[in-house]
2 protein chains.
Amino acid sequence: MNQACAHIIDDDEAIRDALQWLLKTRAVACRTWDSGEAFLEAWQPSWRGCIVLDIRMHGMSGLECFDALLARGCELPVIFITGHGDVPMAVAALKKGAFHFIEKPFTDHDLEDLVEKALALDAERQRAAANRDNIEAHLATLTQREREVMDLILEGKYNKVIADQLSISMRTVEAHRSRIFDKMAVRSAVELAQMLTVLRG
Amino acid sequence: MNQACAHIIDDDEAIRDALQWLLKTRAVACRTWDSGEAFLEAWQPSWRGCIVLDIRMHGMSGLECFDALLARGCELPVIFITGHGDVPMAVAALKKGAFHFIEKPFTDHDLEDLVEKALALDAERQRAAANRDNIEAHLATLTQREREVMDLILEGKYNKVIADQLSISMRTVEAHRSRIFDKMAVRSAVELAQMLTVLRG
DNA sequence: GTCGCCATTGTGGAATACCGCATACGTGGA
DNA sequence: TCCACGTATGCGGTATTCCACAATGGCGAC
């Protein structure tokens with residue numbers, strides 16, 4: 001399930017099948033869901049790809065499903081499909097972060113194009129997230145004390161000042177500093193600073 | 001003209017007057033324009049505030065005006081106003097970066113609220129831009145050579161390595177380094193790195 | 001209990017950064 | 001022409017970093 005995959009959520013089986021067939025001919029992996037509830041129950045944060053979400057469904061609407069996903073931290077690009085145009089709805093969805101909002105009828109090409117772009121966006125986001133995860137994994141190996149020392153290093157303070165501030169000896173600060181650079185796989189405080197501003201910026 | 005100001009662009013004088021009156025009662029400074037062309041000719045990059053832009057106008061349409069503004073680097077939040085709902089148009093405008101897309105009829109409160117939020121967004125952007133401008137102003141005082149040395153410092157290299165790479169002596173690198181810190185108003189390479197990652201991140 | 005991890009401190013020395021002062025050359029403007 | 005500025009270099013001294021090695025006490029896991 002770590003494969004990028006277009007999730008088609010629609011309560012109309014005929015449409016699910018049609019979309020799935022369309023995307024499969026374009027070599028896009030698909031998975032279909034017959035309701036927002038079903039998708040929400042199954043969804044895992046590690047999933048990649050995008051979501052094609054029908055607005056009007058029995059039970060939970062597409063918009064409700066979207067809201068629930070956002071609340072759970074799902075960042076998959078969402079392409080909304082709707083039968084009848086509604087500008088305020090489209091505006092609200094996009095301002096909340098939806099990827100696109102398209103009205104029926106649309107051409108095969110329209111949807112293929114949208115799905116491809118959504119998948120590309122997600123791939124790009126995943127690359128950025130992988131960077132952050134990697135840095136955070138390094139950070140996680142630091143002990144509490146090492147993190148305190150690191151914070152002070154990142155303020156550009158001398159070991160001497162850090163030692164005073166933490167009421168420990170300079171030697172200890174040096175030992176921490178050395179281990180920090182080692183664990184974070186950097187050679188200088190400058191590299192460390194750049195690494196972490198990527199994380200926070 | 002450095003005052004935040006809501007620019008109302010509409011070829012219907014009655015609407016211009018109505019919107020202007022509405023916003024003025026809310027203590028929002030306004031300026032009105034009877035065409036996209038007129039606004040485009042007058043617009044200056046230093047202007048702050050937001051734009052309320054009618055879609056359908058004689059001559060240049062609101063969307064054309066928007067495209068032209070984007071091409072010129074205008075980043076003012078744009079609130080589109082349209083008489084007849086058109087989802088694809090709204091989606092396209094928002095994906096290009098428009099702030100909002102609202103259909104007539106709307107209530108006074110709707111527009112007041114949108115304009116206030118757009119102004120707040122612009123104010124926030126201006127704060128961030130002021131930061132960047134400040135840093136760039138410092139950067140601009142650096143000589144060519146100093147910038148080269150700075151780039152190498154930001155790669156975490158020792159003065160010795162920098163000297164080798166630029167085929168100059170370590171002493172000279174030290175001199176540059178000192179002036180760089182002085183001009184950039186920082187005390188350490190770490191601060192410099194953080195300053196510049198803010199600029200680039 | 002023993003082992004490993006963490007925080008702590010220490011020694012001593014080599015490498016590097018940081019600072020003020022002085023000098024020199026070329027270029028462009030007053 | 002003289003002055004300001006950017007670039008480049010050097011000296012001497014102090015502060016700081018970086019490194020390898022060694023050691024102690026606390027704490028949780030096996």
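The figures here come from the full heavy-atom set of this structure, side chains too, leaving out hydrogens, waters and symmetry mates. Just so we're on the same page: letters track the sequence lines, and every chain starts at 1.
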Answer yes or no: is there an ion pair linking Lys117(A) with Asp113(A), defined by an N-O contact shorter than 4.0 Å? yes

Atom pair CG/CG of Leu121(A) and Leu76(A) - distance to nearest 0.5 Å: 10.0 Å

Quick one: His176(A) NE2 to dA7(C) P, roughly how many Å, whole number? 6 Å

First encountered from the 5' end of DNA chain D, between Lys183(B) and Ala175(B): Lys183(B)

Which part of the nucleic acid, if any, lies within reach of Glu174(A) when heavy atoms closer than 4.0 Å are counted: base, sugar-phosphate only, or nothing? base

Would you classify Ser169(B) as touching base, sugar-phosphate or nothing, given that sugar-phosphate means primed atoms plus P, OP1 and OP2, and contacts are heavy atoms under 4.0 Å? sugar-phosphate

Please confirm whether the shortest side-chain N or O distance from Thr143(A) to OP1 or OP2 of dA7(C) is below 4.0 Å. yes

Report the relative orientation of the aromatic rings in Phe80(A) and Phe66(A); use parallel for angles under 30°, tilted for 30 to 60°, perpendicular for over 60°. perpendicular

Can you give me the dot-bracket string for DNA chain C, 5' to 3', counting Watson-Crick and G-U wobble pairs with both distances under 3.5 Å, using [ ] for crossing pairs and | for partners on another strand? ||||||||||||||||||||||||||||||

What is the distance from CD of Gln144(A) to C1' of dT8(C), rounded to the nearest Å? 16 Å

Would the distance check show the side chain of Arg147(A) and the main-chain N or O of Leu142(A) forming a donor-acceptor pair, the cut-off being under 3.5 Å? yes

dT9(D), OP1 or OP2 - any side-chain N/O from Thr172(B) closer than 4.0 Å? yes

Give a yes or no answer on whether the side chain of Lys183(A) reaches the backbone of Ala140(A) with a donor-acceptor pair at less than 3.5 Å. no

So His7(B) and Trp47(B), do their side chains get closer than 4.5 Å, heavy atoms only? yes

Just checking Arg179(A): base, sugar-phosphate only, or nothing, at a heavy-atom cut-off of under 4.0 Å? base

Atom CD1 of Ile180(A) and atom P of dC6(C) are separated, to the nearest Å, by 13 Å

Report yes if a donor N or O on one partner sits less than 3.5 Å from an acceptor N or O on the other, where the partners are the side chain of Glu146(A) and the base of dC6(C); otherwise report no. no

For a quick test of reading the model: is some side-chain N or O of Asn159(B) closer than 4.0 Å to OP1 or OP2 of dT16(C)? no

Side-chain N,O (Arg171(B)) to OP1/OP2 (dA8(D)) below 4.0 Å: no

In whole angstroms, how far is the C1' atom of dA15(D) from the CE atom of Met170(A)? 9 Å

For the pair made of CZ in Arg177(A) and C1' in dT16(D), what is the distance, rounded to whole Å? 9 Å

Arg145(B) or Tyr158(B): which one's nearest nucleotide on DNA chain D is closer to the 5' end? Arg145(B)

Separation of dA8(D) atom C1' from Ile162(B) atom CD1, nearest Å, is 16 Å

Calculate the interatomic distance between Lys160(A) atom NZ and dT17(D) atom P; express it in whole Å. 10 Å

For the pair made of CG in Leu152(A) and P in dT16(D), what is the distance, rounded to whole Å? 16 Å

Less than 4.5 Å apart, side chain to side chain, heavy atoms only: is that true for Leu166(A) and Val173(A)? no

Heavy-atom pair of closest approach, residues Gly49(A) and Asp122(A): N-OD2, 2.7 Å

